Every structure is written in C-alpha cells, then in structure tokens.
Amino acid sequence: MIIKTPFSNLIINWYHIYGRKNLPWKKHKHIYLVWISEIMLQQTQVNTVIPYYIKFIKKFPNIKCLANASLNEILSIWSGLGYYKRAHNIYKTIQLIKKEKNYYFPESFEELIKLPGIGKTTAGSILSFSKGYYFSILDTNIKRILVRFYYLKPQTSIYTLEKYLWNIINLITPIYNTDKFNQGILDVGSTICTHKNPKCIICPLKKYCIAYSINDINYSLLYNKKKKIKNKKSWFIIINCKNHVWLEQRKLQKIWNGLFCFPEFFSFKKACQWLKKYQIYNRNLTQNKVYKNYKISNIKLDIALLIINVNYKINFYTKNPNFWFNILKISNISVGMPTFTKLLLQQFTKNHTHFNKGL
DNA sequence: CAACCGTGGGG
DNA sequence: TCCCCAAGGTT
C-alpha cells in the first residue's frame, strides 16, 4: 500500500526554488511550442534537445509555418536527433490539423492521444504544461523516483509494473499546481535522483525515501531484464565526384526512413552487382574498403565503406529520389547518422589514405 | 508484451 | 573502451 506522504508538497516547494524555469520551451506556454518540445524530449535528454528545439521553432515559429513545411524540411532539422518517426508523426499531425481542424491544435486529452506519436505521458505533459490541466505523467525519471521512494519490489512483468506505477502517480499528483509538480518531479529525477550516483544529500524527498533510509538506492524494475544485441553488417557505397557524393532517400526502411544516406547493401556481392548494373568503373574496390562499427540501439552494425572516385557525374536510375550532394553543403540535408557522415566526408575531402585512422 | 526505433553522454 | 541509458510510443 502507498501511504500518504507530503510527496507533492516537497516537490512543489523544491520546484519554486530550484526548478528549471528557463528551459527554451518554458518561455511560452503556447500548446504548439509545448507539443514540439514534448515530442523532442521523448527518450532524449534535455541538453541534447535544446539546440534542435531552438532551431526548429526559429524555422517554424507557429502552426501555420509548420503547416506549410514539407516532410523533408522537418526531417532536415531533425537530422541528428534520432527516432525519426517522431518527425514523420509531427508532419502527419500538422497536415491533419491543417486539413481537418482549421489550424486549431486540439486541447483535450481524448483528441491529443489519438494523434500519432502522442501517448499518455506526452498528452498529459502537453496539457499540464501549456494549460495547467490536471494530468499525471509517468516517464523514466518518475518511475525511478517512485521505485526508490516507495522501495517497490520488481514485478513479474512490465505490464504489471506500469499499471502499478500509474496508480501511484495518479494518487500523488496534486490537483492544483499540477504543472509545477510535473516539472518539479522531472527535474528532481533528472538532476538529483539520477540512475547512477544519485545526490541523495540534497534531495527534497530524502526524509521519506525508503531506499535512502535503508541505504539501498540500487534498484531494478524487473528481474533479468537483458537486452539482446543483434549483429548486422552493411555495405555502403560512397561515390565521390568533384566534391559531390551520391545519396539516396530511404523509403520504407526501418531505420533512417526518409533520410538521405549512402546506398546500403546487405552483402558485398549485392553492392558489386549494383555497381556493375550502373557500369561504374572501379579499379581497386577491395582496396577501398574501410570498416567501421556503429551502434544503433540494440544493433551492432558492422559497416563496410566502399569508396569509389569518378570524374564524371553518372545518371543513375533507382526507385528512390536520389541526388548528387555537395559535400560542403551536407549540413542542410536530412542525412542519417549526420555526425558520422560529416566526419567521414571531412576525411574524404582531405586525404583518402587517412581514412582508416581518422574514423 | 517484447522488440524496435538513434544518438550522445556518463561511469 | 565498453556498457548503460535517456522528458516514450508503436506494433
């Protein structure tokens, strides 16, 4: 049983003094701006989001601006932030709002939760932060606090645990000052009750925190929660011509969908077949192979880069939109794994012999 | 329900 | 270096 505690008052009092009130998405409470921030913040830490958020609202300051944007324009700003389905969902949502809602952003929980990419926590966050409405939220930070504070035992399934945690947060979320409570508990979770080395000494909850009182702040939400890591291998073909490279916009792919990437193949043979098909002259393909390991969530991707230099631009035919991109202007494009790609192309323009070392 | 989607930071 | 994980939602 969850015993009544001054939990919410402790959080709200703490928030008034220490809460983060200067985050870029705290300057205005317009629901559109809060929506963008909440989508960006899904599974993404505050410091990572800030520059992307600023860039996004600078380019699309309001609903009508975003409604005129193409998917590619949205993706180009999202490039590097990850979880690109979120950008696709923003595009879907804004089109719906344009065509069916007369540019009016929904302000009810029932409507919000129907929108793509908006679940219980995101809908609750949007409404509590922009309108001050009473909705609980439950994210990773809050889960961690609850598990420690009430010293919850690991449950047999994620489903059971989630249901349990939602019940608790619904009980302790205050009807008044919901927005301050929600923001405060997020701030405590991400800055004090951290996963590793929590700063219990300065925590406003320490007086009533069971894990702290019995000196056991290590927690686990589930028994034997092991992540399976898959090993995959890909061959990317990099065709270089006079400071331009060939990129394809990925279609119907699980990863980097809609983004521009080097043509990807799942065997060396298929990569060679592609080159042969388009009659790309290449003398030392095997010598130009460069290997790189890239981690994507639960995938270890072993990448082989097949680097080919041509001195004339080839007209390819593929099913995908495809372009020659100026290497120096690549930052304006919605590229998958942009940091990796930019570093790659930087080395590429300098000296091919440094390829193996530089990466 | 478990797997999946990205990337960067911290220990 | 390696492993874990983060303002979750979808299938």
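We name chains A, B, ... by the order of the sequence lines, and we start the count at 1 in each one. Because the structure is predicted, anything quoted here is derived from the model rather than measured.
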Please work out whether the ring planes of A:Phe109 and A:Phe135 are parallel, tilted or perpendicular, with thresholds of 30° and 60°.
-> parallel

Who else is in A:Ile214's hydrophobic cluster (ILVMFWY, side-chain heavy atoms under 4.5 Å, direct or via others)?
->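 Same cluster as A:Ile214: A:Tyr151, A:Ile210.
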
The contact string for nucleotides 4-11 of chain B, one letter per nucleotide 5' to 3', using protein heavy atoms under 4.0 Å with B, S and - for base, sugar-phosphate only and none, comes out as SBBBS--S

Could you work out, with ring-ring contact (aromatic ring centres under 6.0 Å, His included) as the rule, every residue matching [X], not counting sequence neighbours?
| X | answer |
| --- | --- |
| A:Tyr91 | none |
| A:Trp324 | A:Trp246 |
| A:Tyr103 | none |
| A:Phe56 | A:Phe60 |

For the pair made of NZ in A:Lys143 and C1' in C:dA6, what is the distance, rounded to whole Å?
->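 The distance from NZ of A:Lys143 to C1' of C:dA6 comes to 12 Å, rounded to the nearest Å.
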
Could you state the CD1-C1' distance from A:Ile137 to C:dA6, rounded to the nearest angstrom?
->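 A:Ile137 atom CD1 is separated from C:dA6 atom C1' by 15 Å.
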
All salt bridge (Lys or Arg N to Asp or Glu O under 4.0 Å) counterparts of A:Lys29, not counting sequence neighbours | A:Asp179

A:Glu73: what forms a salt bridge (Lys or Arg N to Asp or Glu O under 4.0 Å) with it, not counting sequence neighbours?
->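 Expected list: none.
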
For [X], answer base if it contacts any base atom (sugar-phosphate contacts may also be present), sugar-phosphate if it contacts only those atoms, and nothing otherwise; contact means non-hydrogen atoms under 4.0 Å.
| X | result |
| --- | --- |
| A:Ile118 | sugar-phosphate |
| A:Thr121 | sugar-phosphate |
| A:Trp78 | nothing |

Side chain to side chain contact (heavy atoms under 4.5 Å, CB included) filter on A:Leu10, not counting sequence neighbours, yields A:Pro6, A:Leu205, A:Tyr208

State which residues pass side chain to side chain contact (heavy atoms under 4.5 Å, CB included) with A:Thr173; sequence neighbours excluded, sorted by chain then number.
-> A:Tyr134, A:Ser136, A:Ile169, A:Thr178, A:Phe181, A:Asn182

Heavy-atom contacts under 4.0 Å between residues 27-40 of chain A and DNA chain C, which residues?
->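 Within this stretch, A:Glu38 sit under 4.0 Å of the strand.
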
Within residues 180-189 of chain A, find the residues that approach DNA chain C with a heavy atom at under 4.0 Å, and present them sorted by residue number.
->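 Hits under 4.0 Å, by residue number: A:Gln183, A:Leu186.
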
Toward the 5' end of DNA chain C, which comes first, A:Trp25 or A:Lys300, by nearest nucleotide?
->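 This one resolves to A:Lys300.
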
If you pin A:Leu115 and A:Val46 to their nearest nucleotides in DNA chain C, which one's is more 5'?
-> A:Val46

Between A:Tyr164 and A:Leu152, is any pair of side-chain heavy atoms under 4.5 Å apart?
-> yes

Say you pick atom P in B:dC5 and the same atom in C:dC2; how far apart are they, in whole Å?
-> 22 Å

Rounded P spacing from C:dT1 to B:dG6 in Å = 25 Å

